Amino acid sequence: MSVETFHYGIDNLSSYKALAICKGKIQGVLSEEARVAVRKSANIVTSIVDSDQIVYGINTGFGPLCTTSINASETKKLQENILKSHAVGVGEPIEKDLAKLMLILKMHALAQGFSGIQEETLDRILWHIEQDIIPIVPKQGSVGASGDLAPLSHLFLPLIGLGRVYYKNEVRETTYLFEELSIEPIHLGAKEGLALINGTQFILAHAVKAVSEFHRILMSADLIGALMLEGLNASIKPFFKELHVLRPYPANKFVAGTIYNLLEKSEIVHSHQNCSRVQDPYSLRCIPQVHGASRQAWLHLKDLVEIEINSVTDNPVIIDDELTISGGNFHGQPLALPIDYACLAASEIGNISDRRTYLSLEGDTPNVPKLLLKATGLNSGFMILQYTTAALASENKGLCFPSSADSIPTSLGQEDHVSMGSIGSRKLLQVLHNVDHILSIELLCAAQALDFHRPLKSTAILEAIHSAVRNKIPHVEEDQPMTEIMEQALHFVKSGELIRIAHTVAEQNNIAYLPEKEEVFNQY
């Protein structure tokens, strides 16, 4: 079976493709077309070094030392020194897949031929990706402005034989590993060190992963929310298209259409159409407005990530033989703001999910007992599960303070405004992790609530999801340790299994699941 090929520096990269390259599902290659552009840019740098022209980072110091000239014989030493001096990150290492994503994203940016990087350097980066020899990168130390300097320095220390790497599930010192593999460190040319560490690839790698994780969470939240609507005898009317054309936010219409399709032919829905309840609490009837607003924020992040992922973000940029620009393409602000927005939007999915879980415990729905257990008193039922969702929702609120609202001058004032996007990006992944747990607990409660409506049936998709849950997690009759049950529920959410079930059942039964319009919300 042939593997799809992606051409670094030439093809258009997306979050989906970047993650697929990271997982080995797509092979990234450096084509001859890209190599020609790379060689041309490198030759321009060589010409600058051989001339009397002064260009930042090629024959000058860095940051506040930009006025200090470096003679031609020392330009290569300068580039190695920048990797060594800037590798000052602290904290636990980021996950291996994030570091590998950083390599992939940097490879694509450098291969566009505006950075003066040597062809041999790109081949070595490609070797690290293909051999899965991935550098160790600490989490903390970037202010997200002059590029992610510290993490990118750690990422590329192995090029010169320093730092540490993941190799066959072990952490190894690069120096000793290269000796074993008979690999020689490369020698950086003029500008290369600066090209390697200037850029937003730490922020961007986290954002790429967040785009994927957040999308899965949004799709799962709609399915779990629909299951809870069934468990709590909620009305289908708030999801009628006639309502949403009057306030036509695209994401709201997408969510409303999805929920409507999931509920339309349910026996449970039709069993209480003439009940005395006038309207449902907000966390039930406002799912399109709340989930929709978060989905719109996700789309904003996705669109900006797609621009960033195909951009040149180092400095200076080699335009052509006559023009080299020292600008600010490395500044993380274009990502920092939407990342903070997405952090808030993700937190809100957890907030409303916690509220639905709370409603399921109240005992106000016919046939559904308080705390989702018939024999309470001796048993606490599902009560304490909501303590966990409340704790996680509260933690997320604290994480929502916008990192981009802060700026601390660095580099002796040369870098006097910074984005702090690296901090925001790490927080976003933590919020998404917490929301996964919140949704998995709502899934448990929704499945338990639905059990009490038997023999009535829901729709094909929701019944299939409920059946899959029950195949792994039995109906709870009395208090028991919940850890294993919670882990099983979390797997359903994190693995994307709920979404796969929905698509499979819809296809097999030729029924609607997602709305036909607004496909942009169903892909990343």
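Below, each value reflects all heavy atoms present in this structure, side chains not excepted, and no hydrogens, waters or symmetry copies. Numbering of residues begins at 1 and proceeds along the displayed sequence. Source: prediction; values computed, not measured.
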Engineer: Take Lys370 and Asp364 through the test salt bridge (charged side-chain N to carboxylate O under 4.0 Å, His left out) and record every step on the way to the result.
Structural biologist: CA-CA 8 Å; Lys370 185 178 293 186; Asp364 291 340; over 6 Å; no
Engineer: Under 3.5 Å, is there a donor-acceptor pair between the side chain of Ser266 and the main chain of Val269?
Structural biologist: yes
Engineer: For a quick test of reading the model, state the closest non-hydrogen atom pair linking Phe382 to Leu361 and the distance between them.
Structural biologist: CB-CD2, 3.6 Å
Engineer: Given His128 and Tyr166, is the ring-ring contact (aromatic ring centres under 6.0 Å, His included) satisfied, shown in steps?
Structural biologist: CA-CA 10 Å; His128 276 277; Tyr166 293 106; over 10 Å; no
Engineer: Taking Ala345's backbone N and O only, do any of them form a donor-acceptor pair with Ser294's side chain (distance below 3.5 Å, no angle check)?
Structural biologist: yes
Engineer: With a sphere of 6.0 Å drawn around CD of Gln273, does it hold more than 12 non-hydrogen atoms of other residues, nucleotides or ligands?
Structural biologist: yes
Engineer: Looking at Lys168 and Asp132, is any side-chain nitrogen of the basic one under 4.0 Å from a carboxylate oxygen of the acidic one?
Structural biologist: no
Engineer: Taking the six-membered ring for Trp, are His206 and Phe202 parallel (under 30°), tilted (30 to 60°) or perpendicular (over 60°)?
Structural biologist: tilted
Engineer: More than 12 heavy atoms of other residues, nucleotides or ligands under 6.0 Å from CZ of Arg247: yes or no?
Structural biologist: no
Engineer: For the pair Arg356 and Glu442, find out whether any cationic side-chain nitrogen is under 4.0 Å from an anionic carboxylate oxygen.
Structural biologist: yes
Engineer: Once side-chain hydrogen bond (donor to acceptor under 3.5 Å, both in side chains) is applied, do any residues pair with Glu308, and if so which ones, sequence neighbours excluded?
Structural biologist: Thr200
Engineer: Are Arg295 and Glu348 close enough for a salt bridge, meaning some N to O gap below 4.0 Å?
Structural biologist: no
Engineer: Might you confirm whether atom CZ of Arg285 has over 12 heavy atoms from other residues, nucleotides or ligands at distances under 6.0 Å?
Structural biologist: yes
Engineer: Please confirm whether the ring centroid of Phe6 lies under 6.0 Å from the ring centroid of His108.
Structural biologist: yes
Engineer: Quick test of your reading of the model: are Lys23 and Asp97 salt-bridged, counting only N-O distances below 4.0 Å?
Structural biologist: no
Engineer: Evaluate the criterion side chain to side chain contact (heavy atoms under 4.5 Å, CB included) for residue pair Ile259 and Asp222; output intermediate values, then yes/no.
Structural biologist: CA-CA 7 Å; Ile259 301 294; Asp222 290 347; 4.2 Å; yes
Engineer: Determine the interplanar angle of the Tyr260 and Phe240 rings, folded into 0 to 90°, and report it as parallel if under 30°, tilted if 30 to 60°, perpendicular if over 60°.
Structural biologist: perpendicular
Engineer: Please test Gln448 against Leu373 for side chain to side chain contact (heavy atoms under 4.5 Å, CB included), starting from the C-alpha separation and ending with a verdict.
Structural biologist: CA-CA 9 Å; Gln448 184 82 359; Leu373 217 63; 4.0 Å; yes
Engineer: Do Lys209 and Glu95 meet the salt-bridge criterion of a basic N to acidic O distance under 4.0 Å?
Structural biologist: yes
Engineer: Which one of Leu110, Ile125, Val29, Ile21 satisfies the side-chain contact (heavy atoms from CB on, under 4.5 Å) criterion with Tyr8?
Structural biologist: Ile21
Engineer: Are Phe452 and His475, when compared by the centres of their aromatic rings, separated by less than 6.0 Å?
Structural biologist: yes
Engineer: Counting neighbours of NE2 on His491 that are heavy atoms of other residues, nucleotides or ligands and sit closer than 6.0 Å, is the number greater than 12?
Structural biologist: no
Engineer: Go through the structure and list residues passing side-chain hydrogen bond (donor to acceptor under 3.5 Å, both in side chains) with Gln488, not counting sequence neighbours.
Structural biologist: none
Engineer: Can you tell me if CG on Asn471 sees more than 12 non-hydrogen neighbours from other groups inside 6.0 Å?
Structural biologist: yes
Engineer: Should the heavy atoms of other residues, nucleotides or ligands under 6.0 Å from CD of Glu92 be counted, would the total exceed 12?
Structural biologist: no
Engineer: Show your working on side chain to side chain contact (heavy atoms under 4.5 Å, CB included) between Ser404 and Ser419 and close with a plain yes or no.
Structural biologist: CA-CA 5 Å; Ser404 58; Ser419 76; 5.8 Å; no
Engineer: Salt bridge or not between Lys17 and Asp11? Use side-chain N to carboxylate O under 4.0 Å.
Structural biologist: no
